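Note that this is a predicted model, so its numbers are computed, not measured. Numbering of residues begins at 1 and proceeds along the displayed sequence.
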Amino acid sequence: MQRSIFKRYMGITMVIVFLSFTLLGGVMMVFFSQYWRQEKKELLSQNANSISGIACRYLNEKSPGKYELQADTLQDFIASFSTSIDADIFITDLDGRLLLGNFANSKSAPLQTVPAFFVDAAAQGLFEGRGDMGGLYSDSYYIIGVPMLAQEGGPCVGTVFAATSPASMSAMQMEAFKIFLLAAVAALAVSFCVVGAFAFRLAQPLRQMSAAARSLGAGDFSVRVPVRSADEVGQLADSFNHMADSLSNSEGMRRSFIANVSHELKTPMTTIAGFIDGILDGTIPASEQGKYLGIVSDEVKRLSRLVKSMLDLSRIDSGDMKIHPATFDITHTLVATLLTFEQSIDEKSIEIVGLEEATPMPVYGDQDLLHQVVYNLVENAVKFTNQGGSIRVMAVDSVDRTTVLIENTGPGIAPEDLPMVFDRFYKGDKSRSRDKNGMGLGLYLVRTILQLHGGNIQVTSVQGQFCRFEFYLPRPPAAPRLKEAAPKPKEGQPRLKPPRKSARPQGAEKPNPPEGPAEDPPRRAAWRRKAKGPQGPAPAEDPAPADDNPEKGRNLDDE
């Protein structure tokens, strides 16, 4: 059975507390025993010395070296001392014979002789030990022995012993242990409550996050974890909520994407099936078949663009999208893309600004992918420019990058939508009335393609005035070149001047001579935009319009 964090934390903490109290109790008992022993030693030694000092006054010298103790007079002193310190006190001569004693502590019968070992040790100065004193006591007693002198500084004529039972120490230790045990139990109870409350508060957010994670796994993206602290657990809960918000947004965009894709697939397929059935069954006359086949062709290209966008998205997610860089003119790509939307530009009377100042601008990158970037941004600008508005295009070269700007007048983008316009599946206009081809992938693919090239894109917009997309591409680092020394001319051979270096960057397309509008793409684009009526064919170097090449086409729906 899996143990929860609460149980493990409680168990470990209580074991640590219990071991701490056990160690504390053991150390306390040891120190208490040593303290009691030292106190008893001092008490017994002090009283034995007092008896020894008093006894020397009641010694009568019968003959030289022979003394007699007046036991009757001294008996009362020994009895009072024995009772006051709860110990046995007795006096012996140097042969171990008992002269006088009181056995109030042990209540045993007076012994006749004391073993010579104890007497000799006490006569030499001090005896301290534990034992039964040669069978006098039934268990081990704590014993102190001191010498009894005939007079101060005189010879030793006997010994004084004081003995007490360790039962009193055990009783005191037991009382102290009971007090300690009660205090330990109370402290353990308080520790259990405090640690339990803390562990519960610590584990509760984890339980809530676990339950919320299960809800997220079951598809409920509305659940959130309350953040009650600013510590690591609170930060984890806050991060979990951010993750839930991200998953909720992704799920909402995914559902919107599925709905949009279903609509995008259903509408053209229905149109294609209806017109083809009408041609097959003769409902559409032969004179009108070309017109409706053109509509069918447009719908097929629309489906192709949808599938291509999905494939690009899959390649981006799997990391399989690769670039094949080469040097090409980004200005030429801008002009060719504007020519693709010439009809829409003329229908909305849109003014193109900036082409009259455009010059060839070589960049290093994948021409097909960057054409998609320009195509999507131009299509987006044309789609949302107001009637009679303007579109400004500009390509600027700097030391380390080439910057392209595409700006259009119109409704612009709402401030709350600006941070999300480059997210996948995001559509600023939730209805399909203005953008029936959008899936929310265009700007996401644009940003991804630019990041694959080492560049990036940013958007600026003021509602009701303009919307500006500006992206840059880094310039590749130029390899250093060594200056070669010119060969010395032979005698009699004329010196040749070095050829003049061309101002055109290496790899850039050679500009056409400025003879007529057909050789100047920016001027020709301006001229074709202003002209009314049918236009001539596109220049040979211009790529085919996006309607004829689904690989180039992209639909944006984020503005």
Exercise for review: Taking the side chain as every heavy atom from C-beta outward, state whether Glu347 and Ile345 have any atom pair closer than 4.5 Å.
Suggested key: no
**Study point:** Closest heavy-atom pair and its distance - Pro226, Ala237
**Key:** O-CB, 4.3 Å
Review point. Where do Asp366 and His453 come nearest, in terms of heavy atoms and distance?
Key: N-NE2, 2.9 Å
Practice item. Calculate, to the nearest 0.5 Å, the distance between atoms CD1 and CG belonging to Ile350 and Asn408 respectively. Key: 8.0 Å
Point to revise | Listed once per pair and sorted, the salt bridge (charged side-chain N to carboxylate O under 4.0 Å, His left out) pairs that draw on residues 396-410, sequence neighbours left out | key: Arg392-Glu407, Asp397-Arg475, Glu407-Arg468
Point to revise | Val17 vs Val195 side-chain heavy atoms within contact, under 4.5 Å | key: no
**Study point:** Spacing of Arg224 atom CZ and Gln208 atom CD [to the nearest 0.5 Å]
**Key:** 14.0 Å
Practice item. Side-chain contact test, heavy atoms from C-beta onward, threshold under 4.5 Å: evaluate it for Thr271 versus Tyr292 and give yes or no. Key: no
Check your understanding: Between the side chain of Ser248 and the main-chain N/O of Ala244, is any donor-acceptor distance below 3.5 Å?
Key -> no
Check your understanding: So Thr340 and Glu342, side-chain contact (heavy atoms from CB on, under 4.5 Å) or not? Walk me through it.
Key -> CA-CA 6 Å; Thr340 303; Glu342 179 187 7; over 6 Å; no
Exercise for review: Give the intermediate values and the outcome of side-chain contact (heavy atoms from CB on, under 4.5 Å) for residues Val393 and Thr331.
Suggested key: CA-CA 9 Å; Val393 295; Thr331 301; over 6 Å; no
Review point. Between Ser210 and Leu206, is there a donor-acceptor pair closer than 3.5 Å when you use the side chain of the first and the backbone of the second?
Key: no
Review point. How long is the span from the CG atom in Leu293 to the CZ atom in Phe275, to the nearest 0.5 Å?
Key: 10.0 Å
Point to revise | Set of residues satisfying side chain to side chain donor-acceptor pair (under 3.5 Å) with respect to Ser222, sequence neighbours excluded | key: Asp220
Check your understanding: With distance as the sole test, does Thr448 use its side chain to make a donor-acceptor pair with the main-chain N or O of Tyr444 at under 3.5 Å?
Key -> yes
Review point. Would you say Ser349's side chain and Gly388's backbone share a donor-acceptor pair under 3.5 angstrom?
Key: no
**Study point:** Shortest non-hydrogen contact from Ile457 toward Phe422
**Key:** CG2-CE2, 3.4 Å
Point to revise | Smallest separation among heavy atoms of Phe21 and Leu188, with atom names | key: CD1-CD2, 4.1 Å
Check your understanding: Does any N or O in the side chain of Asp329 come within less than 3.5 Å of the main-chain N or O of Met361, such that one atom is a donor and the other an acceptor?
Key -> yes
Review point. Say you draw a straight line from CD of Gln458 to CZ of Arg447; how long is it, rounded to the nearest 0.5 Å?
Key: 13.0 Å
Exercise for review: Could you check if a side-chain atom of Asp417 sits within less than 4.5 angstrom of a side-chain atom of Met420, using non-hydrogen atoms only?
Suggested key: yes
Practice item. Mind checking the CE-CG spacing from Met269 to Leu303? Nearest 0.5 Å is all I need. Key: 7.0 Å
Check your understanding: Judged by atom type as modelled, is there a donor-acceptor pair below 3.5 Å linking the side chain of Lys348 to the main-chain atoms of Thr385?
Key -> yes
Check your understanding: With side chains defined as the heavy atoms from C-beta onward, is the minimum distance between Glu470 and Thr460 less than 4.5 Å?
Key -> no
Practice item. State, with a plain yes or no, whether a side-chain heavy atom of Val459 is found less than 4.5 Å away from one of Cys467. Key: yes
Revision key, fill the gap. The single option from Val225, Val223, Asp245 that satisfies side chain to side chain contact (heavy atoms under 4.5 Å, CB included) with Phe240 is Val225
Practice item. Take Phe471 and Val374 through the test side-chain contact (heavy atoms from CB on, under 4.5 Å) and record every step on the way to the result. Key: CA-CA 10 Å; Phe471 69 88; Val374 174; 4.3 Å; yes
Check your understanding: Are any side-chain N or O atoms of Thr283 and backbone N or O atoms of Ile279, one a donor and one an acceptor, separated by less than 3.5 Å?
Key -> no
Exercise for review: Please assess Leu445 against Val373 for the test side-chain contact (heavy atoms from CB on, under 4.5 Å), listing each intermediate value before the final yes or no.
Suggested key: CA-CA 8 Å; Leu445 293 174; Val373 170; over 6 Å; no
Check your understanding: According to the interplanar angle, ranging from 0 to 90°, do the rings of Phe341 and Tyr375 count as parallel (below 30°), tilted (30 to 60°) or perpendicular (above 60°)?
Key -> tilted
Review point. Can you tell if the side chain of Leu473 reaches within under 4.5 Å of the side chain of Leu450, non-hydrogen atoms only?
Key: yes
Point to revise | Min side-chain heavy-atom separation Thr409-Asn386 under 4.5 Å | key: yes
Check your understanding: Looking at Pro362 and Thr327, what are the two nearest heavy atoms and their distance?
Key -> CB-CG2, 4.1 Å
Review point. For Glu232, does the CD atom have more than 12 heavy-atom neighbours from other residues, nucleotides or ligands under 6.0 Å away?
Key: no
Check your understanding: Between atom CD1 of Ile352 and atom CD1 of Ile391, what is the distance when rounded to the nearest 0.5 Å?
Key -> 4.5 Å
**Study point:** Nearest heavy atoms of Leu418 and Ser461, plus distance in Å
**Key:** CD2-CB, 4.1 Å
Review point. Which of these, Leu339, Thr333, Thr337, Leu338, sits in a side chain to side chain contact (heavy atoms under 4.5 Å, CB included) with Val335?
Key: Leu339
**Study point:** Expected output: side-chain Ser246 to main-chain His242 donor-acceptor under 3.5 Å
**Key:** no
